[in-house]
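As structure tokens, the structure follows; a few thoughts come after it.
Reminder, nothing fancy here: chain letters follow the sequence lines and each chain counts from 1. Hydrogens, waters and symmetry mates play no part in the numbers below; they use all other heavy atoms, side chains included. The model shown is predicted, which means the values in this text are computed figures rather than measured ones.
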Amino acid sequence: MPELPEVENTRRYLIKAGLPGSTFAGADVGWPKALKTPALEDFVLGLLGRRVERIDRQGKYLLARLDGGATLILHLGMTGGLRVQPASQPAHPLVRHTFFLNDGRELRFIDGRKFAKMWLVDDPKDVLPPLGNDPLGDDFTPATLSAALKGRNAPVKALLLEQSIVAGMGNLYADESLFLSGIRPSRPAAKLSKREISKLTDAVKSALTTALAAYNISREEQWPDPPMGMQTWSIPRKEGAPCPRCGGAISGTRIRARGTFFCPKCQR
DNA sequence: AGTACGTCCTGATCGC
DNA sequence: TGCGATCAGGACGTAC
């Protein structure tokens with residue numbers, strides 16, 4: 001499940017693979033429902049002949065800035081992954097979309113579960129939902145997080161998952177952040193103390209930067225394989241497994257229908 | 001406005 | 001060992 005670290009590493013992978021500078025020579029959209037806008041014909045025509053100038057990330061969205069001013073937006077959903085490969089190389093069986101490049105390579109969009117999404121727009125603001133501060137940026141502070149949680153009585157984990165509060169947060173890093181900060185996922189957000197908000201802010205930054213760094217160090221030699229399947233969790237995602245801090249049994253529950261794991265001793 | 005839940009999807013995993 | 005049942009969850013629409 002690509003969350004911020006995986007999406008950011010995908011961005012770095014695309015840059016390393018030389019997608020910026022390449023020009024689209026066509027596109028094969030194999031799962032039309034993934035294309036949100038525009039209609040298929042305009043999507044293909046709009047990409048044709050356009051060169052990728054830059055690749056940005058906003059939350060979990062990848063934005064390929066094209067010459068001429070348009071932006072190709074990709075969201076990896078839960079099982080999405082991207083690869084830039086020679087057309088002659090056999091494609092992964094779960095490739096749903098193929099973007100042909102003018103250098104004989106292809107940008108291949110893998111997406112087993114078909115939850116990924118694509119847009120081609122003049123202004124990303126027209127289609128992107130409101131996104132909160134990026135937790136890796138300077139604007140993500142105890143003050144801004146506290147303000148975002150003010151008056152909210154939903155479980156803190158549910159709010160961490162809202163992209164309008166923490167852009168790029170996902171289920172696994174939410175559990176990780178709450179474990180690192182010793183806060184139980186079910187706690188009403190507004191009841192967190194100032195000190196807890198501060199610890200949570202640090203934990204979110206720490207969980208995400210650790211994941212990014214772990215990938216870059218341990219998998220660097222594997223580039224250009226896609227950055228997926230990172231496993232840098234402190235907390236086991238298995239009920240009854242031993243807590244790495246106290247040795248007690250990890251509890252499993254569901255919050256907003258999302259699998260949630262925490263240590264009942266370490267997280268209060 | 002805030003909160004909760006169903007829906008979309010299918011590969012991977014579980015359990016008998 | 002095999003196979004059907006269940007699980008996984010990001011974002012959105014709907015409902016209360």
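Mapped onto DNA chain B by nearest heavy atom, A:Trp31 and A:Gly151 fall at different nucleotides, with A:Gly151 at the one closer to the 5' end. Along DNA chain B, the nucleotide nearest to A:Lys238 and the one nearest to A:Gly112 differ in position, and the one closer to the 5' end is contacted by A:Gly112.
The side chain of A:Arg254 places an N or O atom within less than 4.0 Å of a non-bridging phosphate oxygen (OP1 or OP2) of C:dA8. Between A:Gln163 and C:dG10 there is no side-chain N or O to OP1 or OP2 distance below 4.0 Å. Contact annotation: A:Lys33 side-chain N/O to B:dC9 OP1/OP2 distance is under 4.0 Å. Distances shorter than 4.0 Å separate some side-chain N or O of A:Arg152 from OP1 or OP2 on B:dT3. Between A:Lys117 and C:dC12, a side-chain N or O to OP1/OP2 separation shorter than 4.0 Å is absent. For C:dA11, the OP1/OP2 oxygens have a side-chain nitrogen or oxygen of A:His75 closer than 4.0 Å. OP1 or OP2 of C:dG9 sits under 4.0 Å from a side-chain N or O of A:Arg237.
As judged by a 4.0 angstrom heavy-atom cut-off over every strand, A:Asn153 is placed among residues touching the sugar-phosphate backbone only. Across all strands shown, A:Pro155 has heavy atoms under 4.0 Å from sugar-phosphate atoms exclusively, and none from any base. Using a 4.0 Å heavy-atom cutoff across all strands shown, A:Ala154 reaches sugar-phosphate atoms only and no base atom. Across all strands shown, A:Leu76 has no heavy atoms under 4.0 Å from either base or sugar-phosphate atoms.
Salt-bridge formation is detected for the pair A:Arg11/A:Glu8: a Lys NZ or Arg NE/NH1/NH2 atom is positioned less than 4.0 Å from an Asp or Glu carboxylate oxygen. Salt bridge A:Asp134/A:Arg57: present, at least one basic N to carboxylate O contact under 4.0 Å.
Comparing C:dA11, C:dG10, B:dG11 by their closest approach to the side chain of A:Arg96 singles out B:dG11. The nucleotide whose nearest atom lies closest to any side-chain atom of A:Leu161 is, among C:dG10, C:dG9, B:dT3, C:dG10. Comparing atom distances between the A:Arg256 side chain and each of B:dA4, B:dC9, C:dG10 picks out B:dA4 as nearest.
More than 12 heavy atoms of other residues, nucleotides or ligands sit less than 6.0 Å from atom CG of A:Asp123. Within 6.0 Å of atom NZ in A:Lys265, 12 or fewer heavy atoms from other residues, nucleotides or ligands are found, so the atom counts as exposed in its surroundings.
Ring stacking holds between A:Phe115 and C:dG10, with the centres under 5.5 Å apart and the planes within 30 degrees of each other.
In this structure, A:Leu4 places its CG atom 17 Å from C1' of C:dG9, rounding to the nearest Å.
Among the candidates A:Ile55, A:Leu212, A:Val7, the single residue satisfying the side-chain contact (heavy atoms from CB on, under 4.5 Å) test with A:Arg12 is A:Leu212.
Applying the 3.5 Å distance criterion, the base of C:dA8 shares a donor-acceptor pair with the side chain of A:Arg113.
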